Student: 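I am attaching a structure below and will ask some questions about it afterwards.
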Amino acid sequence: KVYVNGQYHGLYASTESINTDFTSDYLYADNDKIRFKCNPESVFEGNGSSLEYLGSDSSSYYSYYELKSDYGWQDLIDLTNTISNNSEEIETAFDIDRAIWLLAFNNVLVNLDSYTGPFRQNYYLLEDDYDRMNMIVWDLNECIGGFEMIDAGPSGPPPSIDDLIELDPLLRQNDQGWPLLNLVLNDPTYQRMYIAHMRTILNENFQNNWYEERAADLQMQIYSALQTDPNAFYSLNDFNNNLNESVAIGGSGGATIGITELMNNRSAFLASHSLFNLDPPSIIEVSTLPDQTLPYSTPTLTAEVQNANTVVLGYRFRPQDVFTKVEMFDDGAHDDGTAGDGQYGISIEVDARDVQYYIYAENDDAGMF
């Protein structure tokens with residue numbers, strides 16, 4: 001609630017700046033690391049902040065990226081070259097796991113004023129202490145279908161509600177204008193991870209109806225402040241109705257799609273899509289076994305996994321660390337029971353610190369975290 005000279009001026013959204021404090025708080029990185037704001041000077045000229053390799057001359061990038069640190073143009077050039085021409089090196093130059101999650105989020109939530117959308121914008125690149133760039137989502141006010149443009153082709157009618165509901169989960173595959181999406185969607189393992197993340201987002205937020213309950217709770221939190229807002233842009237009736245249905249805006253004949261109107265139907269569409277009806281592995285139980293011999297420094301992690309060809313453990317000792325990824329085995333030689341029994345195991349070197357870890361399994365069709 002913003003007051004000017006003691007007079008209530010209205011209800012505003014408070015957003016956090018993506019600056020050196022953000023880099024320190026969330027990436028645990030030094031404040032002298034490289035930062036780029038990825039928004040083109042003009043969305044109608046060139047290909048936006050697409051991460052395309054534009055050559056070795058840094059001036060070719062000036063119109064599409066804003067340097068927010070003291071240096072970094074060569075690092076941006078190197079990253080785009082890696083994405084387009086040396087993708088086998090991507091995990092040393094880029095937090096690809098974070099990027100895959102962000103891209104999955106953009107697609108499920110129809111966040112098209114983004115890298116996934118036609119203008120390839122509204123994200124940051126932040127360097128961590130391991131010299132990797134991290135892709136950070138930004139500017140979400142037109143998420144959940146608010147930005148009604150899928151392609152930036154010749155002018156014509158905006159996409160219909162059905163177009164947004166049925167947005168292709170593999171949108172931009174094989175489109176060279178989106179090299180990062182092209183890399184993720186055409187790498188078999190990265191694509192399986194991407195779909196696995198989409199499945200997680202749907203299961204944990206939408207198909208259980210949590211998001212609708214959360215939205216209603218947020219409406220109630222701000223309702224009294226909105227009632228007395230002297231500068232509100234919309235009526236209380238529209239505020240109430242737009243949770244579940246489209247409302248007209250600005251007298252232009254356009255409308256803002258309702259949140260549940262979009263996401264209930266989008267959840268149903270994705271659940272019925274062939275990519276979400278493949279048979280992923282099942283990770284049934286995860287256990288840890290202490291080392292039985294001095295110096296007790298190599299405990300074993302085991303997981304009961306069905307329907308998998310490959311099982312991988314990712315682990316780290318601090319939130320700022322890069323996950324070390326090692327294959328787990330069902331061969332009877334890694335404290336995993338007998339060979340071929342579906343019990344996978346691996347021993348890792350540890351010290352007195354906690355261990356953060358995850359397990360990822362995949363077969364020829366699908367993946368599961």
Side-chain angles (χ1 to χ4, degrees), residues 13-43 46-54 58-84 90-144 146-147 172 177-184 194 197 201 319-322:
S14 177
T15 63
E16 183 173 7
S17 294
I18 300 180
N19 52 20
T20 55
D21 288 340
F22 186 99
T23 303
S24 174
D25 291 344
Y26 297 103
L27 298 182
Y28 309 97
D30 293 338
N31 59 16
D32 62 348
K33 291 298 181 179
I34 295 165
R35 303 189 315 282
F36 280 96
K37 181 180 179 181
C38 301
N39 274 69
E41 291 179 0
S42 171
V43 297
N47 290 331
S49 306
S50 65
L51 296 174
E52 290 177 89
Y53 179 60
L54 304 176
S58 61
S59 65
S60 301
Y61 300 79
Y62 291 168
S63 297
Y64 308 116
Y65 306 89
E66 182 181 352
L67 180 65
K68 306 293 283 187
S69 51
D70 294 335
Y71 64 95
W73 287 112
Q74 186 59 52
D75 297 83
L76 176 66
I77 293 168
D78 292 343
L79 174 63
T80 61
N81 188 40
T82 298
I83 291 172
S84 293
I90 190 65
E91 299 206 13
T92 62
F94 194 54
D95 188 341
I96 190 67
D97 297 305
R98 184 188 298 272
I100 293 171
W101 180 267
L102 180 152
L103 297 171
F105 167 90
N106 281 347
N107 193 287
V108 173
L109 276 81
V110 195
N111 181 37
L112 292 171
D113 195 15
S114 69
Y115 180 85
T116 302
F119 298 136
R120 286 153 282 189
Q121 62 175 356
N122 285 342
Y123 66 95
Y124 275 74
L125 291 173
L126 304 182
E127 185 188 30
D128 61 29
D129 281 342
Y130 290 88
D131 300 324
R132 301 179 310 164
M133 288 293 195
N134 291 255
M135 194 177 196
I136 307 298
V137 72
W138 179 70
D139 194 6
L140 293 167
N141 67 307
E142 295 194 74
C143 188
I144 317 180
F147 187 84
R172 315 302 182 196
W178 284 259
L180 179 61
L181 270 163
N182 194 260
L183 185 158
V184 169
Y194 169 85
H197 286 327
I201 292 169
Q320 60 266 48
D321 289 344
V322 179

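The figures that follow rest on heavy atoms only: side chains count, while hydrogens, waters and symmetry mates do not. Remember, predicted model here, so these are calculated numbers, not experimental data.
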Student: Can you confirm whether or not the ring centre of Trp73 sits under 6.0 Å from the ring centre of Phe36?
Tutor: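 Yes, close enough.
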
Student: Looking at Asp70, I'd like to know if its CG atom is crowded, meaning that more than 12 non-hydrogen atoms belonging to other residues, nucleotides or ligands lie closer than 6.0 Å.
Tutor: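 It does not: Asp70 CG has 12 such atoms or fewer within range.
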
Student: Below 4.5 Å, heavy atoms only, C-beta onward: do Ser58 and Gln74 meet side chain to side chain?
Tutor: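 When only atoms from C-beta onward are counted, Gln74 and Ser58 do not touch, as no gap falls below 4.5 Å.
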
Student: Got a donor-acceptor contact below 3.5 angstrom from the Asp30 side chain to the Asp32 backbone?
Tutor: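 A pair under 3.5 Å: no.
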
Student: Distance-only, no hydrogens or angles: does the Asn39 side chain make a donor-acceptor pair with backbone N or O of Asn122 under 3.5 Å?
Tutor: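 Such a contact is found between Asn39 side chain and Asn122 backbone.
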
Student: Please give me the minimum heavy-atom distance between Gly72 and Ile34, naming the atom from each residue.
Tutor: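 Answer, listing the atom of Gly72 first, then Ile34: CA-CD1, 3.8 Å.
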
Student: Is there side-chain contact between Phe94 and Asn134, with heavy atoms separated by less than 4.5 Å?
Tutor: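 Phe94 vs Asn134: side chains apart.
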
Student: Within the side chain of Asn107, is there an N or O that forms a donor-acceptor pair under 3.5 Å with the backbone of Val110?
Tutor: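 Answer holds: no.
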
Student: Please evaluate residues Tyr64 and Asn47 with respect to the criterion side chain to side chain donor-acceptor pair (under 3.5 Å), reporting the C-alpha separation (whole Å), side-chain torsions for both, the decisive distance (0.1 Å), and the verdict.
Tutor: CA-CA 8 Å; Tyr64 308 116; Asn47 290 331; over 6 Å; no

Student: Check whether any side-chain heavy atom of Met135 lies under 4.5 Å from a side-chain heavy atom of Met133, and answer yes or no.
Tutor: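 No, every pair of side-chain atoms sits at 4.5 Å or beyond.
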
Student: Using modelled atom types and a 3.5 Å cut-off, is there a donor and acceptor pairing between side-chain atoms of Tyr53 and backbone atoms of Ile77?
Tutor: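 Looks like no, no N/O pair under 3.5 Å.
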
Student: What is the distance from atom CG of Leu126 to atom CD1 of Ile136, rounded to the nearest 0.5 Å?
Tutor: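 So the CG of Leu126 and the CD1 of Ile136 are separated by 5.0 Å.
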
Student: Can you confirm whether Ser24 sits close enough to Asp21 that some side-chain heavy atom of one is under 4.5 Å from a side-chain heavy atom of the other?
Tutor: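 A side-chain contact under 4.5 Å is absent here.
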
Student: Are the side chains of Ile201 and Leu109 in touch, meaning some heavy atoms are under 4.5 Å apart?
Tutor: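 Yes, at least one pair of side-chain atoms sits under 4.5 Å.
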
Student: Could you list the residues that satisfy side chain to side chain contact (heavy atoms under 4.5 Å, CB included) with Thr92, not counting sequence neighbours?
Tutor: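 For Thr92 the side chain to side chain contact (heavy atoms under 4.5 Å, CB included) partners, ignoring immediate neighbours, are Glu89.
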
Student: Measure the spacing between OG of Ser84 and CD of Glu52 and express it to the nearest 0.5 Å.
Tutor: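 Here the rounded value is 7.0 Å.
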
Student: Less than 4.5 Å apart, side chain to side chain, heavy atoms only: is that true for Leu103 and Thr116?
Tutor: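 Yes, at least one pair of side-chain atoms sits under 4.5 Å.
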
Student: I need the Tyr124 OH to Thr23 OG1 distance, nearest 0.5 Å.
Tutor: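 Reported value, rounded in 0.5 Å steps: 10.0 Å.
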
Student: Restricting to pairs with a member in residues 95-121, which pass salt bridge (Lys or Arg N to Asp or Glu O under 4.0 Å), not counting sequence neighbours?
Tutor: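 Listed once each, the pairs are Asp95-Arg98, Asp95-Arg132, Asp97-Lys325.
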
Student: When rounded to the nearest 0.5 angstrom, what is the spacing between SG in Cys38 and CZ in Arg35?
Tutor: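 CZ of Arg35 is found 12.5 Å from SG of Cys38.
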
Student: Taking side chain as C-beta onward, heavy atoms only, is Val137 less than 4.5 Å from Ser114?
Tutor: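 No; the side chains remain at least 4.5 Å from each other.
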
Student: Go through the steps for Asp129 and Gln320 under the test side chain to side chain contact (heavy atoms under 4.5 Å, CB included), then give the verdict.
Tutor: CA-CA 8 Å; Asp129 281 342; Gln320 60 266 48; 5.9 Å; no

Student: Does Trp178 reach the main-chain N or O of Gly117 with its side chain, forming a donor-acceptor pair under 3.5 Å?
Tutor: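 Answer holds: yes.
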
Student: Going from OG on Ser69 to NZ on Lys37, what distance comes out if it is rounded to the nearest 0.5 angstrom?
Tutor: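 Going from OG on Ser69 over to NZ on Lys37, the span is 14.0 Å.
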
Student: Do you know which two heavy atoms are closest between Pro40 and Val43, and how far apart they sit?
Tutor: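 For Pro40 and Val43, the tightest heavy-atom pair comes out as CG-CG1, 4.1 Å.
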
Student: Using the side-chain contact (heavy atoms from CB on, under 4.5 Å) rule, pick out the option among Asn19, Thr15, Thr20 that qualifies with Ser17.
Tutor: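 Result: among Asn19, Thr15, Thr20, Asn19 is the only option passing the side-chain contact (heavy atoms from CB on, under 4.5 Å) with Ser17.
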
Student: Has Tyr65 got a side-chain atom pairing as donor or acceptor with Leu51's backbone, closer than 3.5 angstrom?
Tutor: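 Here the side-chain-to-backbone pair exists.
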
Student: Applying ring-ring contact (aromatic ring centres under 6.0 Å, His included), can you list everything that pairs with Tyr194, at least two apart in sequence or on another chain?
Tutor: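 Tyr194: no ring-ring contact (aromatic ring centres under 6.0 Å, His included) contacts found.
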
Student: Any side-chain heavy-atom pair from Leu140 and Phe105 closer than 4.5 angstrom?
Tutor: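 With C-beta onward as the side chain, the pair touches.
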
Student: Identify the heavy atoms of Asp128 and Ala29 that sit nearest to each other, and give their distance.
Tutor: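 Minimum heavy-atom separation between Asp128 and Ala29: CA-CB, 4.0 Å.
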
Student: Working to the nearest 0.5 angstrom, can you tell me the gap between Asp131 CG and Asp78 CG?
Tutor: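 Separation between the atoms: 11.0 Å.
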
Student: Could you check Tyr28 against Asp321 for side chain to side chain contact (heavy atoms under 4.5 Å, CB included), going step by step and ending with a plain yes or no?
Tutor: CA-CA 9 Å; Tyr28 309 97; Asp321 289 344; over 6 Å; no

